[in-house]
Amino acid sequence: MRKFLSLVLAFVMLFNLCGASFAAPAAKKIGISMPTQSLERWNRDGEYLKAQFDAAGYETMLTYSDNKNDQQVNDIDNMISWGADLLIVAAIDGDGLNTVMDRAAEAGIPVISYDRLIGNDAVTYYISFDNYTVGTLQGRFIEKALDLVNAAAAKKSYNIEFTAGDPADNNAGYFFNGAYDVLKPYIESGVLKVPSGQTEFQQVATAQWSTDTALARAQNILGSYYADGTVLHAWMCSNDSTSAGVAQALDSDYAGDNPVVLTGQDGDIANLANIVDGKQTMTVYKNVANEAVVTLEVAKAMLSGEVDGAALAKTFPVECAYDTTSYFTSPGHYTPSFLLVPTVVTKDNLNYLVETGLYEMGADGYLKSK
Ligand code: GAL
């Protein structure tokens, strides 16, 4: 009996030992702070990021801050108190998170600036798409659609207007500059005219990327400069939420029956419907599911020690550049960045979206989210 008991005891001790050595380590905690649920893309980002990290065994806290900087500061503070091991932040205001970023740095929590760059050196990595290229694609699209290269020789000129994004969003300037740099020579040569005269970023910016604000400004411009029958040929919009406002204004306040070349960005469902209906001409699509995949891989590497960014970027299942010279959080303080590649989507290649597996074509001819 005694022999039996000591055998049981030995077994229990062995079991405990094994238990101790094989117990799963406490899951690392990931704070995911997204700006707002009012725009389609951030819902997708939040959903994909959370799903990726949950599936990889991390504990996640996901917040949306209703486009309010104070709320985002509060949300990030909560993540710090919760004991986050890493923060993923898409900033509402790139310069509005300074103090909370300092608190994250004091607590030793690394930060991934997600999609939008935060102006604070606490940022460890920046993960986004090539934002300047997004704008370049929009500018080149207009250049090609209006055949601007041959316009001067053909003695033709065209009218264009601009709508950019939120000045608080670091991306907005990159998008605008990317497009404007392509179109500027044509404006300077007189091939492109801007009847409103509004070509400065601050004049054409849209606080919070609001559809209503873009709509009101477009109605104003159409009423002031096009009501006399002046023909509008193109409207460069930096993204889909603003493009939706401009498309609505063209519907209600533009008498011309020519199709206006109208750009966008994101591939929001409502805008894809506008593309099918001919009310928007293109969108620059950014696969945010891939952005989430890259973010998971970078986070894993960060949490397990040193990151060799250039080597890591080569291991991703999607095309992504490692860039250490384009973005900085303060003068001279460059942020290592992982930049994915955007794609132009028009009526002619909507199937590209279906092929991502994230959209499906409805029987009515409109794309739906899967
Ligand atoms: C940008 C983002 C775009 C667009 C916009 C409005 O920062 O890169 O994809 O969604 O914000 O939310």
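Owing to the predicted nature of the structure, the values given are computational and were not obtained by experimental measurement. Atoms within each ligand, like the ligands themselves, are counted from 1 in listed order.
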### Set of residues that line ligand 1, where lining means a heavy atom lies under 4.0 Å from it
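For ligand 1, the residues that come within the 4.0 Å heavy-atom cutoff are L39, R41, W42, D115, R116, D169, N171, F175, W209, N239, Q265, D266, K286.
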Flag the pair [X] and [Y] as a salt bridge only when some basic side-chain nitrogen lies within less than 4.0 angstrom of an acidic carboxylate oxygen.
X	Y	result
D77	R103	yes
K68	D66	yes
R41	D115	yes

### Message
A cation-pi test, strictly: NZ or CZ of R116 under 6.0 Å from the centre of the six-membered ring of Y327 and no more than 45 degrees from its axis. Yes or no?
### Response
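Because its charged atom misses either the 6.0 Å distance or the 45° angle limit, R116 does not stack over Y327.
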Considering only distance and modelled atom types, tabulate donor-acceptor pairs under 3.5 Å from the side chains of residues 53-62, sequence neighbours left out.
residue: D54; atom: OD1; partner: T60; partner atom: OG1; Å: 2.7
residue: D54; atom: OD2; partner: K50; partner atom: NZ; Å: 2.8
residue: T60; atom: OG1; partner: K50; partner atom: NZ; Å: 3.1

### Task
For ring pair (Phe, Tyr, Trp, His ring centres under 6.0 Å), just list the numbers for F328 and Y334, CA-CA rounded to whole Å, side-chain angles, deciding distance to a tenth of an Å, and then say yes or no.
CA-CA 4 Å; F328 51 89; Y334 286 90; 5.7 Å; yes
